[in-house]
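Notes follow once the structure below has been shown.
Bear in mind the structure is a predicted one, so any value in this text is a computation, not a measurement.
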Amino acid sequence: MTSELQASKIAFVGGGNMAAAIIGGLLAKDINKENIFVSEPWDVNRDKMTAIGVKTTTSNVDATEAANIVILAVKPQVAKSVCQELGNAWTQRKSTPLIVSIAAGITLKSLQEWLKLADGRTPHVVRVMPNTPALVGEGASGVFAGHDVSQDEKDLVTALLGSVSKATEWVDKEELLDVVTGLSGSGPAYFFAMVEHLIASATSLGLSTEQATRLAIQTCSGAGKMLVESPEEPAQLRKNVTSPNGTTDAALKSFEASGFREIVDKAVKAATSRGEEMGRTLGGA
């Protein structure tokens with residue numbers, strides 16, 4: 001954790017699950033609670049934030065008044081109105097905060113346009129596509145920065161995301177964030193669906209739901225740990241498990257016959273395409 005992050009005043013506009021995950025990660029890294037501010041309109045979410053000791057308010061302007069980092073953690077549908085509110089309020093500030101947006105699908109161009117101050121200044125903006133394993137400190141994030149974002153600011157964002165992400169990947173083209181969405185943003189659901197179907201299949205063959213669930217979950221967890229800790233590539237790990245004409249070989253051949261590669265490819269491309277569509281639609285909202 002950088003000393004710059006330790007000294008930063010960080011405001012979250014929106015106090016939902018992803019904001020809670022990042023705040024939890026920051027507090028675990030000994031960031032001072034007094035330096036974290038959250039604006040959240042819903043009483044339930046705001047009360048949760050208050051309970052962990054950070055400063056809370058219903059006012060986006062009040063929360064961000066003294067912040068040098070502002071994390072936009074709002075629904076994409078309200079991003080425009082929130083950004084315009086903040087841009088109007090910051091006109092009197094000598095320096096604008098660094099903006100870190102986790103609002104899915106909202107493009108850099110839209111964010112910069114909506115946040116522009118009356119005097120023409122535009123805050124520096126970084127877009128992040130996180131994923132839900134951040135809730136347990138095992139996140140993966142794709143990141144894209146505007147051309148005006150400095151290396152020091154990028155380092156600050158990397159340190160910030162390091163509190164919840166085990167993999168933080170900077171991309172050099174904004175459209176690649178849509179690919180990140182299709183891969184890691186939506187990816188956890190693919191694994192959940194796989195485990196769901198494994199449980200259903202094993203249950204249909206006689207295992208109890210409880211047994212099948214425990215075995216499937218641990219298999220997924222163990223395989224994931226091997227992927228993280230082994231120096232070998234995923235393809236080699238697969239080969240290591242697969243004896244010629246054995247049980248795994250039979251299963252993988254069944255996958256192949258069903259077009260498994262094409263199924264995965266279409267899924268990732270469908271999610272990527274939907275991300276692109278959301279950017280076009282919401283950017284003009």
Side-chain angles (χ1 to χ4, degrees), residues 8-23 36-50 54-130 132 134 141-146 148-149 153 157 160-161 174-175 177-178 181 185 274-285:
S8 294
K9 293 186 181 298
I10 306 169
F12 289 78
V13 180
N17 286 337
M18 195 58 67
I22 297 172
I23 291 170
I36 299 177
F37 308 80
V38 182
S39 61
E40 170 55 50
W42 296 100
D43 292 346
V44 173
N45 287 343
R46 194 170 61 255
D47 289 346
K48 289 179 181 178
M49 295 296 179
T50 302
V54 300
K55 298 180 179 181
T56 62
T57 177
T58 58
S59 169
N60 297 329
V61 174
D62 289 349
T64 61
E65 183 178 15
N68 59 300
I69 302 175
V70 172
I71 299 175
L72 290 176
V74 298
K75 298 292 186 184
Q77 293 80 2
V78 301
K80 181 178 182 179
S81 61
V82 168
C83 288
Q84 290 176 333
E85 175 192 16
L86 294 176
N88 290 333
W90 293 340
T91 298
Q92 302 305 316
R93 290 184 57 155
K94 292 182 179 180
S95 61
T96 56
L98 173 64
I99 308 300
V100 178
S101 172
I102 60 174
I106 305 299
T107 65
L108 184 70
K109 180 180 179 181
S110 294
L111 292 166
Q112 291 173 328
E113 179 182 331
W114 299 339
L115 287 162
K116 185 175 290 186
L117 279 60
D119 58 12
R121 287 181 295 158
T122 301
H124 294 182
V125 180
V126 174
R127 284 188 61 198
V128 179
M129 171 47 64
T132 55
S141 300
V143 197
F144 176 76
D148 50 1
V149 175
E153 289 173 322
V157 173
L160 175 74
L161 294 175
E174 186 171 14
E175 57 265 31
L177 278 187
D178 294 318
T181 300
R274 178 55 181 152
E276 295 170 350
E277 182 182 5
M278 288 175 63
R280 291 193 300 270
T281 303
L282 297 172

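What you find for Val128 and Ser141 is that their closest heavy atoms are CG1-CB, 4.1 Å. Considering every non-hydrogen atom in both Glu153 and Asp148, the closest pair reads OE1-O, 4.1 Å. Closest approach of Pro76 and Ala104 over heavy atoms only: CG-O, 3.3 Å. When all heavy atoms of Leu160 and Val100 are compared, the closest pair comes out as CD2-CG2, 4.4 Å. The two residues Ala21 and Ala134 come nearest to each other via the heavy atoms CB-O, 3.6 Å. Looking at every heavy atom in both residues, Ile106 comes nearest to Ala79 through CG1-CB, 4.1 Å.
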Would you check, one step at a time, whether the test side chain to side chain contact (heavy atoms under 4.5 Å, CB included) holds for Val149 with Val125? CA-CA 7 Å; Val149 175; Val125 180; 5.9 Å; no
Evaluate the criterion side chain to side chain contact (heavy atoms under 4.5 Å, CB included) for residue pair Thr57 and Phe37; output intermediate values, then yes/no. CA-CA 8 Å; Thr57 177; Phe37 308 80; over 6 Å; no
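For the pair Glu174 (side chain) and Leu108 (backbone), a donor-acceptor distance under 3.5 Å is present. Distance alone, capped at 3.5 Å, is enough to place a donor-acceptor pair between the Glu40 side chain and the Gly15 backbone. Looking only at distances, no side-chain donor or acceptor of His124 sits under 3.5 Å from a matching main-chain atom of Leu98. Of the possible donor and acceptor atoms, none in the side chain of Arg127 sits under 3.5 Å from a partner among the backbone N and O of Ala145. Using modelled atom types, no side-chain atom of Asn60 and backbone atom of Val13 make a donor-acceptor pair closer than 3.5 Å. Using a distance-only test at 3.5 Å, with no hydrogens or angles considered, no donor-acceptor pair links the side chain of Thr281 to the main chain of Met278.
Separating the CD1 atom in Ile69 from the CD1 atom in Ile10 is a distance of 4.5 Å, to the nearest 0.5 Å. From Ile71, atom CD1 reaches atom CD1 of Ile99 across 10.0 Å, with rounding to the nearest 0.5 Å. Separating the CG atom in Leu115 from the OG1 atom in Thr122 is a distance of 8.0 Å, to the nearest 0.5 Å. To the nearest 0.5 Å, atom CE of residue Met129 and atom OG1 of residue Thr181 are 3.5 Å apart. Summarising the geometry, atom CG belonging to Leu177 is positioned 7.5 Å from atom CZ belonging to Phe144; distances are rounded to the nearest 0.5 Å.
By the 4.5 Å heavy-atom criterion applied to side chains, Asn68 and Ser8 are counted as neighbours. A heavy-atom distance below 4.5 Å is not found between the side chains of Val38 and Lys55. Using a 4.5 Å heavy-atom cutoff, the side chains of Leu111 and Leu72 are in contact. Taking the side chain as every heavy atom from C-beta outward, Thr58 and Arg46 approach each other to under 4.5 Å.
Within 6.0 Å of the CG atom in Asn17, the count of heavy atoms belonging to other residues, nucleotides or ligands does not exceed 12. Atom CD of Glu65 has 12 or fewer heavy atoms from other residues, nucleotides or ligands within 6.0 Å.
With no hydrogens or angles considered, no side-chain donor-acceptor pair links Ser59 and Ser39 at under 3.5 Å.
Between Glu277 and Arg280 no salt bridge is recorded (no basic side-chain N to carboxylate O distance below 4.0 Å).
Sorted by first and then second residue, the pairs that involve residues 88-101 and meet side chain to side chain donor-acceptor pair (under 3.5 Å), not counting sequence neighbours, are Thr64-Trp90.
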